[in-house]
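In what follows, chains carry the letters A, B, and so on, assigned in the order in which the sequence lines appear, proteins first and then strands, with residues in each chain numbered from 1. Here the structure is a predicted model, which is why all the values come from computation and not from measurement.
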Amino acid sequence: MAEKQAKQNEKKVTPRSEDFAAWYNDICIRAELADYSPVRGCIVFRPDGFAIWEAIRDELDKRIKKTGARNAYFPLFIPQSFLQREAQHVEGFAPELAVVTHGGGKELEEPLIVRPTSETIINHMFAQWIRSHRDLPMMLNQWCNVVRWEMRTRMFLRTTEFLWQEGHTAHATREEAERETLTMLEVYRQFVEEFLSIPLIVGRKSAAERFPGAVETYSIEGLMGDGRALQCGTSHFLGQNFAKPFEIRYLDDQNQMQFVWQTSWGVSTRLLGAIVMAHGDDQGLRLPPTVASTQAVVVPIFRKPEEGEKVLAAARGALESLTQAGIRARIDDREGLTPGFKFNDWEMRGVPVRIEIGPRDVASGEAVLARRDKSGPESKSKASLATIADAVGVLLGEIQKNLYAQAKAAMIANTRKFDDYAQFRRHMEGEGGGGFADVYWCGNPVCETRISEETKATCRVIPLTSDGAAGKCMVCGESAPERAYFAKAY
RNA sequence: CGGGGUGUGGCGCAGCCUGGUAGCGCACACGCUUGGGGUGCGUGUGGUCGCCGGUUCAAAUCCGGCCACCCCGACCA
């Protein structure tokens with residue numbers, strides 16, 4: 001009995017409620033999204049994982065281009081001296097740089113750093129390309145890898161090397177750059193909420209959480225299944241902090257020399273981690289149909305060879321209909337595996353819809369549809385084989401919305417208002433002390449530090465739209481002009 | 001860098017205390033069987049026991065040194 005139990009456990013992942021971190025790792029590995037690599041902190045994106053990134057990239061690339069930015073590519077290596085030009089920027093990145101000291105068997109005259117982000121090299125080029133107000137705005141984006149020598153890494157969430165998209169823009173006026181910063185923030189918000197079905201809170205970062213070198217940092221924050229927050233994307237207003245040291249100047253229409261105003265913004269492969277943690281369950285991954293490389297899988301079920309012929313014919317027919325309708329579908333006709341095994345296998349991989357076709361279905365001209373976003377009897381329904389593609393198409397749309405609704409309900413349930421610091425502290429320390437805390441904060445870093453030191457919760461964002469009413473800081477009691485969201489974060 | 005832990009077939013582990021030439025489960029290969037929620041049986045492939053040195057007739061096991069990785073903390077998208 002105990003042996004049988006142990007056997008069962010090997011097939012399942014660590015329950016999410018038991019150990020969230022172990023569950024997360026199990027899912028990433030078992031769903032074959034990624035694997036560990038021989039290099040510490042670096043992961044391999046396996047095809048099922050990379051397909052998600054490709055889907056994100058393809059969609060977001062379109063949305064970015066729609067705003068007027070164009071893609072370019074800048075070098076991986078950056079002269080070390082470039083980083084040193086902007087004081088905050090150096091300070092922020094110095095500890096996590098990978099430095100190349102040798103090339104071609106010789107020591108380099110000046111070490112090269114592997115880009116942790118490309119502000120410096122891009123601005124170096126901007127300085128050469130921008131002469132006149134007619135060259136502005138200049139809006140570039142690049143899809144690339146970056147390296148940050150993090151002390152502690154976690155699959156997708158924090159890896160030594162990661163893939164991302166970084167946009168860099170230069171504008172004639174402060175107002176225009178500030179507008180651009182918020183425009184991109186909104187592009188990200190819509191993209192993550194609609195395409196990845198992850199609900200967000202949006203806002204401005206506190207000074208302590210700001211990007212090194214930025215005047216303001218804005219971010220979109222999601223809430224994961226364990227109640228911890230995850231920064232899913234950032235947009236920075238850089239002011240003239242890079243324009244001045246890199247001398248990015250232009251002549252305005254009054255023939256006056258002016259420094260440009262800039263922004264930068266990015267999302268990374270961390271979003272894969274967000275998808276896993278926002279939607280996954282004890283059965284495995286649950287993918288929003290938009291990013292699922294397989295949206296529907298057909299599982300034929302039969303016993304005798306003569307049944308097999310009919311069932312397989314019907315299954316292939318269904319596959320054909322689905323494919324013709326533009327649904328990314330496949331058939332699981334592997335031999336020697338039981339249907340039950342296949343059900344679990346595809347659930348682990350997060351495929352949104354499973355279509356079961358057996359002898360009974362063929363006889364009645366139907367198929368059983370199982371939707372991954374629900375469990376138990378309500379996950380299953382029947383559809384006519386004649387109109388299977390329509391039914392699946394509708395179902396995929398519902399799943400996309402329902403995953404968002406489920407995550408949104410979880411976020412609302414885990415967002416609480418606190419007026420009293422002692423109460424806030426008790427909540428954060430307590431069992432399941434997660435979620436967003438919506439509080440008044442005076443903006444003083446002293447109070448912020450105290451909160452993070454005593455509760456491990458950090459300021460996630462100060463919402464863009466406040467309810468207008470000022471209050472008293474939860475910690476010091478001084479007047480607080482706006483509310484802020486605090487949470488334990490990744 | 002501080003604290004804790006682990007290194008034995010691809011993965012998860014036992015064996016170590018009390019030295020005697022390596023075992024179990026999973027996975028993998030083949031055959032039969034099974035198939036509407038992780039089928040069952042049989043046969044088989046696969047290991048310089050993290051590395052270096054010492055003790056001994058004999059070391060996965062005892063001793064010394066080193067290395068790597070994981071978890072918790074400080075840093076961060």
Participant: Starting the side chain at C-beta, find the nucleotide from B:A77, B:G38, B:G35 nearest to A:R270.
Facilitator: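 Comparing B:A77, B:G38, B:G35 against the side chain of A:R270, the answer is B:A77.
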
Participant: Please pick, from B:G38, B:C71, B:C75, the nucleotide with the shortest atom-to-atom distance to any side-chain atom of A:F341.
Facilitator: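 The nucleotide sitting nearest to the side chain is B:G38.
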
Participant: Using Watson-Crick and G-U wobble pairs with both distances under 3.5 Å, what is the 5'-to-3' dot-bracket string of RNA chain B, with [ ] for crossing pairs and | for pairs outside the strand?
Facilitator: ((((((((.[[[[.)....(..]]]].(((((.......))))).....[[[[[..)....]]]]])))))))....

Participant: Find the distance A:L230:CG to B:C76:C1' and express it as a whole number of Å.
Facilitator: 12 Å

Participant: State, to 0.1 Å, how close A:E209 and A:C459 come at their nearest heavy-atom pair, and which atoms those are.
Facilitator: CG-O, 3.5 Å

Participant: Just wondering, do A:K310 and A:F302 contact through their side chains at under 4.5 Å, heavy atoms?
Facilitator: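 When only atoms from C-beta onward are counted, A:K310 and A:F302 do not touch, as no gap falls below 4.5 Å.
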
Participant: Where the side chain of A:T159 is defined as all heavy atoms beyond and including C-beta, which of B:A77, B:G38, B:G36 is the nearest nucleotide?
Facilitator: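 Given the options B:A77, B:G38, B:G36, the side chain of A:T159 is closest to B:A77.
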
Participant: Between A:F162 and A:G340, name the one whose nearest nucleotide on RNA chain B is closer to the 5' end.
Facilitator: A:G340

Participant: Any idea which heavy atoms bring A:I357 and A:A318 closest together, and the distance?
Facilitator: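 Scanning both residues, the minimum pair turns out to be CD1-CB, 3.9 Å.
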
Participant: Can you check nucleotides 3-7 of chain B for protein contacts, nitrogen or oxygen pairs under 3.5 Å, and list what you find?
Facilitator:
none

Participant: How long is the line joining CZ of A:R228 and P of B:C76, in whole Å?
Facilitator: 15 Å

Participant: Can you name the closest pair of heavy atoms from A:H279 and A:A407 and give their distance?
Facilitator: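 Smallest heavy-atom distance, with atoms named: CE1-CB, 4.4 Å.
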
Participant: If we take the C1' atom in both B:G46 and B:G54, what is their distance in whole Å?
Facilitator: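 Roughly 32 Å separates the two C1' atoms.
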
Participant: Can you tell me how far P of B:C71 sits from CE of A:M151, to the nearest Å?
Facilitator: 16 Å

Participant: Measure the acute angle between the ring planes of A:F237 and A:W261, then classify it against the limits of 30° and 60° as parallel, tilted or perpendicular.
Facilitator: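 It falls in the parallel class, under 30°.
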
Participant: Find the distance A:D282:CG to B:G38:C1' and express it as a whole number of Å.
Facilitator: 15 Å

Participant: Is a donor-acceptor contact shorter than 3.5 angstrom present between the side chain of A:R148 and the base of B:C76?
Facilitator: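 Looking at the base of B:C76, it does not pair with any donor or acceptor on the side chain of A:R148 (distance under 3.5 Å).
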
Participant: Quick one: ring-ring contact (aromatic ring centres under 6.0 Å, His included) partners of A:Y24, sequence neighbours excluded?
Facilitator: none

Participant: When the ring planes of A:W164 and A:F162 are compared, do they come out parallel, tilted or perpendicular, using 30° and 60° as the limits?
Facilitator: perpendicular

Participant: Looking at A:F82, is A:R85 sitting on its ring face, NZ or CZ under 6.0 Å from the six-membered ring centre and within 45 degrees of the normal?
Facilitator: yes

Participant: Quantified in whole Å, what is the C1' atom distance between nucleotide B:C69 and nucleotide B:C30?
Facilitator: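 Per the computed distance, 36 Å lies between those C1' atoms.
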
Participant: For B:G23 versus B:G38, give the span between their P atoms, rounded off to a whole number of Å.
Facilitator: 34 Å

Participant: Hey, does the Lys NZ or Arg CZ of A:R354 hover above the aromatic six-ring of A:W346, less than 6.0 Å from the centre and inside 45° of the axis?
Facilitator: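 Negative - A:R354 is either too far from the ring of A:W346 or too far off its axis.
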
Participant: Looking only at non-hydrogen atoms, find the nearest pair between A:F195 and A:A55 and report the distance.
Facilitator: CE2-O, 3.7 Å

Participant: Roughly how far apart, to the nearest Å, are B:G19 and B:C1 at atom P?
Facilitator: 37 Å

Participant: In whole angstrom, give me the gap between the C1' atoms of B:A22 and B:A14.
Facilitator: 11 Å

Participant: Taking the minimum atom-to-atom distance to the side chain of A:K456, which one of B:A77, B:A74, B:G37 wins?
Facilitator: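 Of B:A77, B:A74, B:G37, B:A74 is nearest to the side chain of A:K456.
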
Participant: If you look only at distance, which donor and acceptor atoms sit under 3.5 Å apart when one is on a side chain in residues 115-126 of chain A and the other is two or more places apart or in another chain?
Facilitator:
unit_1: A:R115; atom_1: NE; unit_2: A:N145; atom_2: O; d: 2.7
unit_1: A:R115; atom_1: NH1; unit_2: A:Y73; atom_2: OH; d: 3.4
unit_1: A:R115; atom_1: NH1; unit_2: A:F74; atom_2: O; d: 2.8
unit_1: A:R115; atom_1: NH1; unit_2: A:P75; atom_2: O; d: 3.2
unit_1: A:R115; atom_1: NH2; unit_2: A:Y73; atom_2: OH; d: 2.7
unit_1: A:R115; atom_1: NH2; unit_2: A:N145; atom_2: O; d: 3.3
unit_1: A:R115; atom_1: NH2; unit_2: A:N145; atom_2: OD1; d: 2.7
unit_1: A:T117; atom_1: OG1; unit_2: A:E119; atom_2: OE1; d: 2.6
unit_1: A:T117; atom_1: OG1; unit_2: A:E166; atom_2: OE1; d: 3.4
unit_1: A:S118; atom_1: OG; unit_2: A:Q142; atom_2: NE2; d: 3.1
unit_1: A:S118; atom_1: OG; unit_2: A:E166; atom_2: OE2; d: 2.6
unit_1: A:E119; atom_1: OE2; unit_2: A:S264; atom_2: OG; d: 2.7
unit_1: A:N123; atom_1: OD1; unit_2: A:Q262; atom_2: NE2; d: 2.6
unit_1: A:N123; atom_1: ND2; unit_2: A:E119; atom_2: O; d: 2.9
unit_1: A:H124; atom_1: NE2; unit_2: A:Q128; atom_2: NE2; d: 3.0

Participant: On a whole-Å scale, what distance lies between the P atoms belonging to B:C70 and B:G65?
Facilitator: 25 Å

Participant: Looking only at atom C1', what distance separates B:A77 and B:G37, rounded to whole Å?
Facilitator: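 Straight-line distance between the two C1' atoms is 40 Å.
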
Participant: Just to be sure I understand the geometry, which residues of residues 191-213 of chain A put a non-hydrogen atom under 4.0 Å away from RNA chain B?
Facilitator: none

Participant: Kindly state which residues belonging to residues 348-379 of chain A come within less than 4.0 angstrom of RNA chain B, counting heavy atoms of the residue only, listed by number.
Facilitator: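 A:R354, A:E356, A:G358, A:P359, A:R360, A:D361, A:V368, in order of number.
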
Participant: Strictly below 4.0 Å, N to O, side chains only: are A:E320 and A:R316 in salt-bridge contact?
Facilitator: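 Result for this pair is no, no salt bridge flagged.
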
Participant: At what distance, to the nearest 0.5 angstrom, does CD of A:E54 lie from CG of A:D61?
Facilitator: 12.5 Å

Participant: Over how many whole Å does the gap from A:E307 atom CD to B:U34 atom P extend?
Facilitator: 12 Å

Participant: So that I know where these two stand, are A:W53 and A:W143 an aromatic pair - ring centroids less than 6.0 Å apart?
Facilitator: yes

Participant: Can you tell me how far C1' of B:A77 sits from CG of A:L185, to the nearest Å?
Facilitator: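 Going from CG in A:L185 over to C1' in B:A77 covers 15 Å.
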
Participant: Take the protein atom CZ of A:R334 and the nucleotide atom C1' of B:U34, then report the distance between them rounded to whole Å.
Facilitator: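 Those two atoms, CZ and C1', are 16 Å apart.
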
Participant: Mapping A:A21 and A:G233 to their closest nucleotides on RNA chain B, which lands nearer the 5' end?
Facilitator: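 Closest to the 5' end, via its nearest nucleotide, is A:A21.
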
Participant: What distance, rounded to whole Å, do you find between the two P atoms, one in B:U43 and one in B:G25?
Facilitator: 12 Å

Participant: Indicate whether OP1 or OP2 belonging to B:A77 is found under 4.0 Å from a side-chain N or O atom of A:R158.
Facilitator: no

Participant: Verify the distance criterion only: is there a donor paired with an acceptor across the side chains of A:R460 and A:T458 at less than 3.5 Å?
Facilitator: yes

Participant: Of the candidate nucleotides B:G37, B:G36, B:A77, which contains the atom at the shortest distance from the side chain of A:E347?
Facilitator: B:G37

Participant: Between A:D361 and A:V368, is there a side-chain heavy-atom distance shorter than 4.5 Å?
Facilitator: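 A:V368 vs A:D361: side chains touch.
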
